[in-house]
2 protein chains.
Amino acid sequence: MVSAAEQSLGVLIRKLESIAPLSPEERQALARLPFTVRMLSPGQDIVREGDRTTQCCLVVQGWTGRYRLLTRGRRQIFSFHIPGDIPDLESLHRPVMDHSVASLTKTMVALIPHENLRELTASHPGLASAFWRSTLVDGAIFRAWMLGLGRRSAFEHMAHLFCELYLKLRAVGLAGDGRYPLPITQVDLGDALGLSNVHVNRVLQVLRGQKLISLHSSTLVIEDWAALVRISEFDPAYLGLEKQAVL
Amino acid sequence: MVSAAEQSLGVLIRKLESIAPLSPEERQALARLPFTVRMLSPGQDIVREGDRTTQCCLVVQGWTGRYRLLTRGRRQIFSFHIPGDIPDLESLHRPVMDHSVASLTKTMVALIPHENLRELTASHPGLASAFWRSTLVDGAIFRAWMLGLGRRSAFEHMAHLFCELYLKLRAVGLAGDGRYPLPITQVDLGDALGLSNVHVNRVLQVLRGQKLISLHSSTLVIEDWAALVRISEFDPAYLGLEKQAVL
DNA sequence: CGTTGTCTTGACTGTTATCAATTGACGTGG
DNA sequence: CCACGTCAATTGATAACAGTCAAGACAACG
């Protein structure tokens, strides 16, 4: 049996190792972090726009997303966050949130006080640098999404997202063999892609019809990686991952 | 007569002061930076996607933008950068560019070697923090643009951008009195907003027709700030500026 | 076994893109 | 000073992509 705190530490280490190798001292320092674990059902806010935060939130199980709302029920999701991610890492330097973070699935998060993260990064510059690089990769992903929102068709945009998610999940061991769990609703997908749920549904049907992907019980199977990459003009450089054969 | 290097220092100091007050020591350290000045005509690339950089680029005069291209001539501009901004500051930590930076107008830039910036931030944590905050604000602006690209109408989105630009320019003394220079083409505006140039033109006509703005010889005049804020649901919190009366 | 949320489908609407042509502004050189 | 060239802005006509509304099917879960 693995305790929740051990699991939190595990996903965090796995994520950081996907950015840079960790020294034994760095691992020990991470192990001393106090993780306060919380379970969430889908659709619960973890932090809200306008909140002044004093802790960060590490995703341990499930998916979360950052988002903002507009009038008339419009929502834009800015990013998906998977185990190992710290969606509100920026709150360390800008404590007042300009957006919200919510669970998209059943989720386990571990809360870590800013204080402890500050000590950690002050005494371990290598970890500070890994956290910063992770923030910059998030920024690169924002730009990739902007390109999709502004200039790709719904079809290309969705194909691009599925490529991105595959590499992101695989980097932390949550995908492989051309498949991964996609535990979110079509509404969430639409709010990330800037599309209506109806249109998401139709575009998914085309992607399946063209044998690019298939979906069975919330598992996405990539049936034709090369075609997905081609039509969405996907170039993985922005994700900052080590080069690795894809399939 | 002000030398180009003095002018570079001036805009940089003004920008940093809009983020955090500077100590005399910090000013002196900034003054010791070597600025290599370059003049550019509109539409020239400063750094290109894929480049491995060894210096950063400070905008001294004119506007620049970050962008990426897709097939069929599609372009998405991710951000506008005005005097005082360092569009490729992130290259300090991720030297391989995942997008390009280009001049949008006649532009003066000052190049600063990474080396010198690293020395500067290592010996002046206050400056390091100001640079990071600036990077995080850029990230917040990305999210604001994503919201516009994904979920606002063209009309709302453009109104929102005009509000944002007013506050950004005013923060460094380049706007005031409800007006500012808007020296870019409708094509550039469209590539930032995810719209065709034709549609940009038509939306501009509506904005003028409703007496929200007017445009004379590349000067944008805000005729009805309150209405712009209302229709675009503009909330300036994300820009990280000090509170200040708007008009 | 019914309730609830999610997915799916059809019909229709609307925003924005595309294509093509014209007008306008500005700088240059004769 | 005017003719010309160039680039940006504007206009009109048409098409395409994606949204909205409404209803029904399906599936998970208590």
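Per chain, numbering begins at 1; letters A, B, ... match sequence-line order.
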For Thr71(A) and Arg74(A), test the side chains for any donor-to-acceptor distance below 3.5 angstrom and give the result as yes or no. yes

Identify which one of Arg143(A), Arg66(A), Lys168(A) satisfies the salt bridge (Lys or Arg N to Asp or Glu O under 4.0 Å) criterion when paired with Asp138(A). Arg66(A)

Rounded to the nearest angstrom, tell me the gap between atom CG in Leu149(B) and atom C1' in dA18(D). 16 Å

Give the rounded distance in Å between these two atoms: CG of Leu193(B) and P of dA17(C). 10 Å

Does Arg208(B) reach a base, just sugar-phosphate, or nothing at all? Heavy atoms under 4.0 Å. sugar-phosphate

Nucleotides 19-30 of chain D: protein proximity per nucleotide (B base, S sugar-phosphate only, - neither; heavy atom, under 4.0 Å): SBB---------

For Phe80(A), which residues count as a ring-ring contact (aromatic ring centres under 6.0 Å, His included) partner, sequence neighbours excluded? Trp63(A), Trp145(A)

If we ignore hydrogens and angles and just use 3.5 Å, is the side chain of Arg14(B) paired with the main-chain N or O of Val172(B) as donor and acceptor? yes

Side-chain N,O (Gln205(B)) to OP1/OP2 (dA9(D)) below 4.0 Å: no

Between OG on residue Ser100(B) and CD1 on residue Ile46(B), distance to nearest 0.5 Å: 10.5 Å

Tell me whether the OP1 or OP2 atom of dC7(D) has a side-chain N or O from Gln186(B) closer than 4.0 Å. no

Does Asn201(B) put a side-chain nitrogen or oxygen below 4.0 Å from OP1 or OP2 of dT10(D)? yes

Leu189(A) CG to dC7(C) C1': how many Å, rounded? 13 Å

Donor-acceptor contact below 3.5 Å, side chain Arg151(A) vs main chain Leu195(B): yes

